[in-house]
Amino acid sequence: MARGLGIRHASRRAWALAGVDLVVEPGERVLLTGASGAGKSTLLAALAGILDPESAEQTGELTVDGIPPAAARGRLGMLAQDPDSQLVMTRAGDDVAFGLENAGLPAEEIWPRVDEALRAVGFGYGRDRPTQALSGGEKQRLVLAGALARRPGLLLLDEPTAQLDPDGAALVRSAVARATADRRTTVLVVDHDAGPWLPLVDRVVELGPDGLVEQPAGWRPPSRAAGLELPPAAGGPVLLTAEAAGFTYRGAPEPALRPVDATVRGGTALAVTGGNGRGKSTLALLLAGLRAPTTGQVVAAAELAAGVRGGGRAPVRWRAGELVTRIGTVFQHPEQQFLTGRLRDELALGPLRSGSGAAAARATAEELLERLGLTPFAEANPYTLSGGQQRRLSVATVLATSPRVLVLDEPTFGQDAATWREVVTLLAEQRARGCAVVAVTHDADLVGALADAELAL
């Protein structure tokens, strides 16, 4: 129960949450919606009892079964937005078993529960699979398995399907429904892809600036692509080519990416799709010149390589300064590419390093902050943003240097309808001016709205 709940992070003037009233009955399944940055993840973290009181000011009342959340942690299960932050063991089975061992379950009960949970979420490997060898979506399934194995009284799910392919997302929703069918577990789920959850939840509440609002029966989420008008593809020459490019990690029994051919053209958008673990993110790193293929090659066209001093036409051999103005990359995990302590500085950094003057770099930063709804956070540390805001910032940092090729891993992750449209519009504008856009994505709406070609792995 929350009554008059307010939360303000130590580095912010504005409240992340204000005036939140929420009562969730035992056994209920509640879907929490709201704009990117509305405070949904903050609310789940508070309910999980993991907010540091020294870094967050809290007002009002918040309890779980009548006691403070921190005192109820043993009865909670949570899947956070970043699954890497919850992985603690090097092998998949051990990671799921970790919470059960801490709860004191006997060994003869632990491993049957581990296997049951791994099957429930469609984890395609055995207990011995190294966690470092998993894709982002596979890690998400593994963390969910760990939460379900504990059979918690309260299950908190923050974007549990965001990094999953459609089949995997459907499997996870079914697993949650089955695991909570006896109504012994209360579920609170945050997901921007709200539609598929509606048959599985009892009600929907929206978090906004004035607190929580109950959605009426029969509510449907608005279409993200409704009324979207994008500038057309410009078309242009081939800029990058992958020729039987594949990658195998040292010591791995099988390749992370089997040899694949890909053609990247200026003025067009290529969507890279496929199930989790097929090597989509690995292919993105190869195309971006950030990792060398172990088989085959990635070759830049002479036009893209013009002016490169060393490394010829293999982007992986270019200097960082040569790469940043030619190929820009958005990683699967946006926090891996932030370098400064302020959003405004983060967006100006790339232009400054690529030769722009201070005034021009500042103007670029301000324009992107405004376009992506980040101006109120211009002085904030990038690591204090929500997941959706971090994703928009990571896209903006790449656009700031105006590279000819954009390689984006899940660029629309964590976005509400309005911010989704702005991100897609910005990418379409880059395509219209002759840039090549490569988007690794599970987002069918993005593929339908932007892609001129699709490479399914």
Side-chain angles (χ1 to χ4, degrees), residues 1-12 14-18 20 22 24 30-32 34 36-89 95-104 131 136 139-160 162-163 176 185-191 205 207 212 333-335 380-390 414:
M1 180 193 73
R3 180 177 298 159
L5 179 66
I7 295 174
R8 180 169 61 184
H9 298 292
S11 60
R12 301 284 184 83
W15 290 80
L17 295 172
V20 172
L22 175 66
V24 179
V30 179
L31 175 64
L32 178 62
S36 175
K40 303 182 297 296
S41 296
T42 298
L43 177 57
L44 260 60
L47 283 166
I50 57 175
L51 280 184
D52 182 357
E54 294 186 2
S55 63
E57 176 185 355
Q58 182 173 320
T59 61
E61 183 182 357
L62 183 66
T63 59
V64 175
D65 276 350
I67 60 176
R73 284 180 189 165
R75 302 181 57 197
L76 305 177
M78 183 173 183
L79 170 60
Q81 209 167 50
D82 176 16
D84 280 292
S85 68
Q86 294 183 260
L87 294 174
V88 294
M89 306 297 284
D95 201 82
V96 177
F98 181 77
L100 302 177
E101 291 170 342
N102 282 347
T131 54
K139 290 175 182 177
Q140 206 164 19
R141 293 191 199 192
L142 181 62
V143 173
L144 177 60
L148 292 177
R150 296 178 61 190
R151 298 173 185 170
L154 175 61
L155 181 61
L156 304 168
L157 304 174
D158 196 351
E159 298 281 2
Q163 297 187 49
V176 171
T185 300
T186 305
V187 180
L188 188 58
V189 57
V190 169
D191 204 320
V205 292
L207 183 58
L212 284 169
H333 303 292
E335 69 278 2
N381 188 303
Y383 292 97
T384 66
L385 299 178
S386 72
Q389 290 168 332
Q390 286 186 341

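Keep in mind the model is a prediction, meaning the values are calculated, not measured.
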Check: Can you check side-chain contact (heavy atoms from CB on, under 4.5 Å) on V205 and L31, steps first, answer last?
Finding: CA-CA 6 Å; V205 292; L31 175 64; over 6 Å; no
Margin query: Return the OG to CG distance between S386 and D158, rounded to the nearest 0.5 Å.
Written below: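 Spacing of OG (S386) from CG (D158) equals 9.5 Å.
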Nearest atoms (heavy-atom pairs only) where [X] meets [Y]:
X    : Y    : answer
S36  : Q389 : OG-N, 3.7 Å
G146 : V96  : CA-CG1, 3.9 Å
Q390 : Y383 : NE2-CA, 3.6 Å
A38  : L17  : O-CD2, 4.0 Å
L47  : P69  : O-CB, 3.2 Å

Heavy atoms, side chains only, cut-off 4.5 Å: are [X] and [Y] in contact?
X    : Y    : answer
D191 : P160 : yes
V190 : L156 : no
L32  : V189 : no
M1   : L22  : no
H9   : W15  : no
D84  : K139 : yes
L144 : L157 : yes

Do any N or O atoms from the side chain of [X] and from the backbone of [Y] form a donor-acceptor pair under 3.5 angstrom?
X    : Y    : result
Q86  : A80  : yes
T186 : L154 : no
Q140 : E159 : yes
Q58  : I7   : no
E61  : L5   : no

Side chains of residues 70-79: which donor-acceptor partners sit under 3.5 Å, not counting sequence neighbours?
residue: R73; atom: NE; partner: G49; partner atom: O; Å: 2.8
residue: R73; atom: NH2; partner: G49; partner atom: O; Å: 2.3
residue: R75; atom: NH1; partner: D65; partner atom: OD2; Å: 2.5
residue: R75; atom: NH2; partner: D65; partner atom: OD2; Å: 2.9

Note to self: Can a side-chain donor-acceptor contact be found between R12 and T384 if the only test is distance below 3.5 angstrom?
What the structure shows: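 T384 vs R12: donor-acceptor pair found between side chains.
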Next item on the list: Would you tell me whether D95 and T131 have side-chain atoms, one donor and one acceptor, within less than 3.5 Å of each other?
Entry: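 No, no side-chain donor-acceptor contact under 3.5 Å.
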Checklist line | Criterion side-chain contact (heavy atoms from CB on, under 4.5 Å) on L100 and R150, from CA distance to verdict | finding: CA-CA 6 Å; L100 302 177; R150 296 178 61 190; 4.1 Å; yes
Next item on the list: Can you tell me which residue pairs pass the salt bridge (Lys or Arg N to Asp or Glu O under 4.0 Å) test with a partner in residues 38-49, sequence neighbours excluded?
Entry: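 Qualifying pairs, neighbours excluded: none.
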Notebook entry, point to check: Can L207 and V20 be said to form a side-chain contact (heavy atoms from CB on, under 4.5 Å), step by step?
Noted result: CA-CA 8 Å; L207 183 58; V20 172; 3.9 Å; yes
Next item on the list: Return the set of residues passing side-chain contact (heavy atoms from CB on, under 4.5 Å) with A147 (not counting sequence neighbours), or none when no residue passes.
Entry: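 Partners of A147 by the side-chain contact (heavy atoms from CB on, under 4.5 Å) criterion, ordered by chain and then number, come out as L155.
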